[in-house]
Every structure is written in C-alpha cells, then in structure tokens.
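A quick write-up on the structure given underneath.
Only heavy atoms go into these numbers, but all of them, side chains included; no hydrogens, no water, no symmetry mates.
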Amino acid sequence: MSGVKKLLRWVESSTALDKAAGALAEVIPPALRRHQVTDVLRGRPLGHPAHPAVVLVPIGMFAASNVLDVLPGESRAARALIGLGLVGSPAAIATGLAEYTALDERQRRTAFVHLVANATATACYLTSFRLRGHGFGGVARVVSLVGLTAVGVGGLLGGHLSYAQGAGVGRDRMAPGPAAVEQVPEWDVSRDGTPSATT
C-alpha cells in the first residue's frame, strides 16, 4: 500500500477527528436536514449528489488563475478568475454541507478534513485576491500557490470519499422504467448442440 493510501486510510479511521467532525454535523439542525432546500442541495432532483459538479466552478477558476500567473501581462485576468471562483464558492460549500449530514462516521472524518482543506484554499485565494488589489502581486502569487496545494489535497480527499468510501453512491438511484428493462432472450439448443436465441 502506498504512502498516500495509508494516509487516506488513517484519516478515515482516526477517532481523533470525531469530536470536531461531529460538532460540524450539529451545525445543520435536524429539521433542515429533511427540508426541500436540503434535498435540492444534495442533488435529489438530479438523481445524484450535486456537490461534485458544483465544486468544479471554484476549483476550475482557481487553478486557471495559477496558470495565468506564469504568463506575462495576465495579472488582471488571473485576479478576475479568482473573483469568479470566490463567487462560486458559497454554492460549493452549501452543497458540501448538505451532503455532510448524510455521511456515516468514517466518511464524515474524511469529509471533515476535505472541508478544512477546501476552506484553507478559499481563504488563500481570497487573501490573494485582496493582495492583488493592493498591488502586492508577487506575494499574492505565492499565496495562490499555497491555495492550489490545498485544492489538490481537498480533491484527493474528495475523490477518496466518493470512489473509495462510496459517499452518496446509489442513494438516489432511480428505478428503471419499462423501456429500460432489457429483454432477456430465451435460449434453445439445436440438435447439433449449438445454442440459439429465441424471442
């Protein structure tokens, strides 16, 4: 097992995270967890969690701003992309918190560290945005690099949460309609022993 996998396994099994992770879960009242707004934030109308799609906006904008930082004369464009990422961050946070209340104990530990990493990234890019506005472009680029690192850590944890721990998988699975039911053929064996499909 690689070092990264060991670290991810440690996060999901670390009971030291339970107190903080549980406290965060209590932020959302039980009544709101079953509210129609929460169902929308969880992506129930879509049939799958909305958070993985919504979070692409801030992640994409933030990462693109780092690319522009290495190009000459693109400082204003980089700041604009950071601004767009910050505008999209509240939706990513809201959909993430809505999912958080539906997680089991091990998933919640991973999700808590995932949230901390993403919150750190958002704080870094917000700081970078403000620094750029005051003419501290060099320092702002360094802060953005720290933010990009936090984005990577958050993405790694988010991927583990979804694909290894199965958070939200199959929760809103829709039953197939009559047209989606595959017609299974009946098989007949001819005299020479060759099977053939019959309808």
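Pairs of residues two or more places apart, or lying in two chains, that qualify as side chain to side chain donor-acceptor pair (under 3.5 Å) and include a residue from residues 56-68 are Asn66-Tyr125.
Counting side-chain heavy-atom gaps under 4.5 Å among Ile, Leu, Val, Met, Phe, Trp and Tyr, Val40 is found in no cluster with other residues.
Clustering ILVMFWY residues whenever any of their side-chain heavy atoms sit less than 4.5 angstrom apart, transitively, puts Phe62 in the very cluster that holds Val55. Val11 is connected to Val116 through a chain of hydrophobic side-chain contacts under 4.5 Å among Ile, Leu, Val, Met, Phe, Trp and Tyr, so both are in one cluster. In the hydrophobic clustering of this structure, Met61 groups with Leu71; members are Ile, Leu, Val, Met, Phe, Trp, Tyr whose side-chain heavy atoms approach within less than 4.5 Å, directly or through other members.
Between Asp69 and Ser144, some side-chain heavy-atom pair lies under the 4.5 Å cut-off. In this structure, the side chains of Val27 and Leu97 stay at 4.5 Å or more apart for every pair of heavy atoms.
Atom CD of residue Glu26 and atom OG1 of residue Thr101 lie 10.5 Å apart, to the nearest 0.5 angstrom. To the nearest 0.5 Å, atom CZ of residue Arg106 and atom CG of residue Leu17 are 11.5 Å apart. If you take OG1 on Thr127 and CZ on Arg132, they are separated by 11.5 Å, rounding to the nearest 0.5 Å.
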Solution key, residues 73-93 side-chain donor-acceptor pairs under 3.5 Å, sequence neighbours excluded:
unit_1, atom_1, unit_2, atom_2, d
Arg79, NE, Phe129, O, 2.9
Arg79, NH2, Phe129, O, 3.3
Ser89, OG, Gly85, O, 2.9

Distance-only donor-acceptor pairs under 3.5 Å for side chains of residues 146-161, two or more places apart:
unit_1, atom_1, unit_2, atom_2, d
Thr149, OG1, Leu145, O, 3.0
His160, NE2, Glu12, OE1, 2.6

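Here Thr95 pairs with His51 under the side chain to side chain donor-acceptor pair (under 3.5 Å) rule; sequence neighbours left out. With sequence neighbours left out, the side chain to side chain contact (heavy atoms under 4.5 Å, CB included) criterion links Ala25 to Tyr100, Arg108.
Contact detail for Glu99 and Pro49: the closest heavy-atom pair is OE2-CB, 3.5 Å.
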- List the steps, then state whether side chain to side chain contact (heavy atoms under 4.5 Å, CB included) holds for Thr110 with Leu103. CA-CA 10 Å; Thr110 304; Leu103 303 178; over 6 Å; no

